[in-house]
> 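My questions all concern the structure below.
Chain naming here is simple, since letters A, B, ... match the order of the sequence lines and numbering starts at 1 in each.
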Amino acid sequence: MSDISPALAWFKSKEWTAFEFQQATWQAYLAGKSGLLNAPTGSGKTYAIWLGCVLEALQSPKVETGLQVIWVTPLRALAKDIRNAMQLTCNEMGLNWEVGLRTGDTSTKERAAQKKQMPQALVTTPESIHVLLSQKDAAKTFKKLKTVVVDEWHELIGGKRGVQMELALAYFRHLNPKPIKTWAISATIGNLQEAAQVLLGDLYSDCAIIRANLNKKIVIESILPDDVKSLPWSGHLGTNMLPSVIPILEANNSTLLFTNVRSQTEVWYQKLMDKAPELAGLVAMHHGSLDTKVRQWVEDALHAGKLKCVVCTSSLDLGVDFRPVDMVIQVGGPKGIARFFQRAGRSGHQPGATSKIYFLPTHSLELIEAAVLKEAIANKQFESRNPLKKSIDVLVQYLVTLAVGPGFYPETTLEQIRQSHAYAKLTDQEWSWCLEFITTGGSSLSAYDEYAKVEIEPDGRYVVKSRKTAMRHRLSMGTIVSDPVIKVRYAGGKYIGTVEEYFISHLKIGDTFWFAGRNLELVRLKDMTATVRNSKKKTGPIPRWGGGKASFTSLLSDAMRQKIEDASKGVFEGPEMQKLKPLLEKHAKLSALPHTNQLLVEQIKSDEGTHIYMYPLEGKYIHDVLAALLAYRISVSQPISFSIASNDYGFEILTDLDIEIEDFLELDLFSEENLMDDIYASINNTEMAKRKFRDIAAISGLIFQGYPGKNVTNKHLQASSSMIFKVFQDYDPENLLLKQANEEVLSLQFEKSRLKSALSRINQQEIIVKKLSQPTPFCFPIMVDRLRERYTNELLSERIAKMQLEFGD
DNA sequence: GACCTGCTGCGGCGTG
């Protein structure tokens, strides 16, 4: 046994901000426990748990070979930093261990070396673990595994990557009779206990949940206009507040300016360069469609203190873990409390320093959101991330992975996966269906050999024998399905990033557009690649990217309703609500400020017809469904067609007929009876299910997304997945993957449970109907949103001008 | 008193 005192001395010599938390962690680790760490960045959580691993290794009589510790991170960009820190501590603490790295970036040479001899510790991603599982000697690779640490577990738990992690752990736990110590590291989420339970499984009963009681002070300040009138009623960009941002940038060494969407990042970067040309070279941009090399450069430059400001989307949420900054500005509502909190924590890393975040509202109602965020963070209220259950696509992929690798016996494998949270309730029938699916393709596809991937050996072992199948499987592993994109590169070959097919298809050769902060001219479009050159022009469109929508979380919704009720009673707490007072009072005069037990309904007639607005404040997703449901239920009673628009505050249904809303309110429009049937009938469920199915088909290996660098086109992908979708619908309606697609639409897209509780709340609410002759601050943004879909920007401003005339003022 | 919307993440092969 070697002496552990130098290691402890090394550790103690550092000036930790959270020494007690760290000590509690490594002591729990040495006591053989599993657990969950809840700690903000900068609390030394990596070292806390890594010290446990190091001390344990030092206490053993000789240096063991083979893989003992796996450290999982959701972001491969972080992996290198973590590995370096871990290797360094090994060296300095006197432990003769190698810390390895295994992600998609790892070189072939390195992989070969690892295959021969795994390092004692490996920093990796969930996907790379599964790639290792697809190798013949997987069992040998993981045989000596003692510990698995999953960093940023909150990022994984709510998605299919989390399910993959659960499956990998189930496999590991089975290999070794000694329990695998399992640790989760998580930022603050509402369901910490559940998060621990999902990852730890059976080990949860004896689990340590250790929180860094840093009591980090966070100061939130809204950037308020002098006059609320200068804040638009509608809008999302916020660039009119740019003059207030520049002094903040000047006063700090490095600032992260978070925007909600990629195009907004492009706009802000451009405007910032326009307004403050002296910052050229000191401001950079970072979002998910830019070349990773560029992003890496930005991250490094930020770290080196060379940048004054990075305009970014949440692509930098995790990536700056090792690159602390001085100041954070959030442009527009972050739509969730936990996300805002995490971003705030990026600033003020020095011991004892206060984190500060500026909130920059892009339209007036966002000031309510600002007030709510402040309170929620003070009260430590955070959203939960709910683990997925029974994702059949992920399970099917995993089974083929095992069959490509060591092979598996159904009985033991079923036992393993049932020990995971995700598949604990998997029925025997579902299990047989999965086995049938991987061996024959299932009842409707059994005529095609390519879906019969797995064969059964005489001894009952399930294996993949075809090299082609194995290769294609390895090429399709993982649960992230991305849309095919157009690569943008210079004629010389330098790669810039990606835009969407539809954006570039609207351009002609010679047209210019803004991207990556440059004005580019389209030279050629071929093979999913747009070749461009720099242009001196100053005009051109900015690409927009489709992507996930962030919708108010229910935590935010509840608090927003309360704030509006407060306002109705004349209570305006805090600078934001004070600032908003005149506007809300105006709204109260024009219409009404609803209490939490009331639902406000506004009706306006214009030359377009009858507009009806409702404000459940449930977030855009729920509003979309509610609006469709309402439109459907009304149209059942008489032939009316509606157009629908929504935002996070409420929704609009518009008909060209002259109607009165009271005539319909009697119809029990919000009844929970036949709810699901009506929803199915009202939303174009199959369209959405088809889209979900495309992902499921890719994950489960039904469609092949092409060879690396040569992705198939969107059309092709869409076509093959819709074809299979149709086959299943017609010939195999009980297909579990089809069912999963429908279920995902309901539970993930529409948040079924939230929809139900929203409806039951609405049913108890008193309905207040206001008939108005002019738009209110509540309905105006929704009105504009609907128009935007039909008009170009210029026509839109004309149209808005016309609205001013029409409604008079 | 009035414009610009929609995030992130991973992994793999063979050939020239």
> Would A/Ser289 and A/Trp545 count as having a side-chain donor-acceptor pair, cut-off 3.5 Å?
yes

> Show me the side-chain donor-acceptor pairs of residues 332-342 of chain A shorter than 3.5 Å, one per line, residues at least two apart or across chains.
{"unit_1": "A/Lys335", "atom_1": "NZ", "unit_2": "A/Asp648", "atom_2": "OD2", "d": "2.6"}
{"unit_1": "A/Arg339", "atom_1": "NH1", "unit_2": "A/Pro334", "atom_2": "O", "d": "2.7"}

> When you check the phosphate oxygens OP1 and OP2 of B/dC13, does a side-chain N or O of A/Arg472 lie under 4.0 Å from one of them?
no

> Please tell me if A/Arg111 has a side-chain N or O lying less than 4.0 Å from either OP1 or OP2 of B/dG12.
yes

> Report yes or no: is there a donor-acceptor pair, N or O only, under 3.5 Å between the side chain of A/Ser314 and the base of B/dC7?
yes

> On the nucleotide B/dG9, are OP1 or OP2 found under 4.0 Å from the side-chain N or O atoms that A/Arg295 carries?
yes

> Please determine, for the side chain of A/Lys620, which listed nucleotide (B/dG14, B/dG6, B/dC4) has the closest atom?
B/dG6

> Taking 4.0 Å as the cut-off, does a side-chain nitrogen or oxygen of A/His473 come that near to OP1 or OP2 on B/dG12?
no

> Can you tell me if A/Ser263 and A/Arg544 form a side-chain donor-acceptor pair at under 3.5 Å?
no

> Counting only distance, no hydrogens or angles, is the base of B/dC4 paired donor-acceptor with the side chain of A/Ser263 under 3.5 Å?
no

> Among the candidates B/dC3, B/dG6, B/dT8, find the nucleotide nearest to the side-chain atoms of A/Thr313.
B/dT8

> Just compare B/dG11, B/dC3, B/dG9 and give me whichever is closest to any side-chain atom of A/Val784.
B/dC3

> Report yes if a side-chain nitrogen or oxygen of A/Thr125 is closer than 4.0 Å to either non-bridging phosphate oxygen (OP1 or OP2) of B/dC10; otherwise report no.
no

> Within the pair A/Arg102 and B/dG11, is there a side-chain N or O less than 4.0 Å away from OP1 or OP2?
no

> OP1 or OP2 of B/dG6 versus the side-chain N and O atoms of A/Arg544: is any pair under 4.0 Å?
yes

> Scan residues 156-165 of chain A for pairs that pass salt bridge (charged side-chain N to carboxylate O under 4.0 Å, His left out), counting only residues two or more places apart or in two chains.
A/Glu127-A/Arg161, A/Lys160-A/Asp393, A/Lys160-A/Glu744

> Evaluate the criterion side-chain contact (heavy atoms from CB on, under 4.5 Å) for residue pair A/Tyr495 and A/Leu290; output intermediate values, then yes/no.
CA-CA 9 Å; A/Tyr495 177 55; A/Leu290 295 173; over 6 Å; no

> Reckon A/Arg76 has a side-chain N or O less than 4.0 Å from the OP1 or OP2 of B/dG11?
yes

> Closest approach to the side chain of A/Thr103, judged atom by atom: which nucleotide of B/dA2, B/dC13, B/dG11 is it?
B/dG11

> Do the side-chain N or O atoms of A/Ser234 get closer than 4.0 angstrom to the phosphate oxygens (OP1, OP2) of B/dC4?
yes

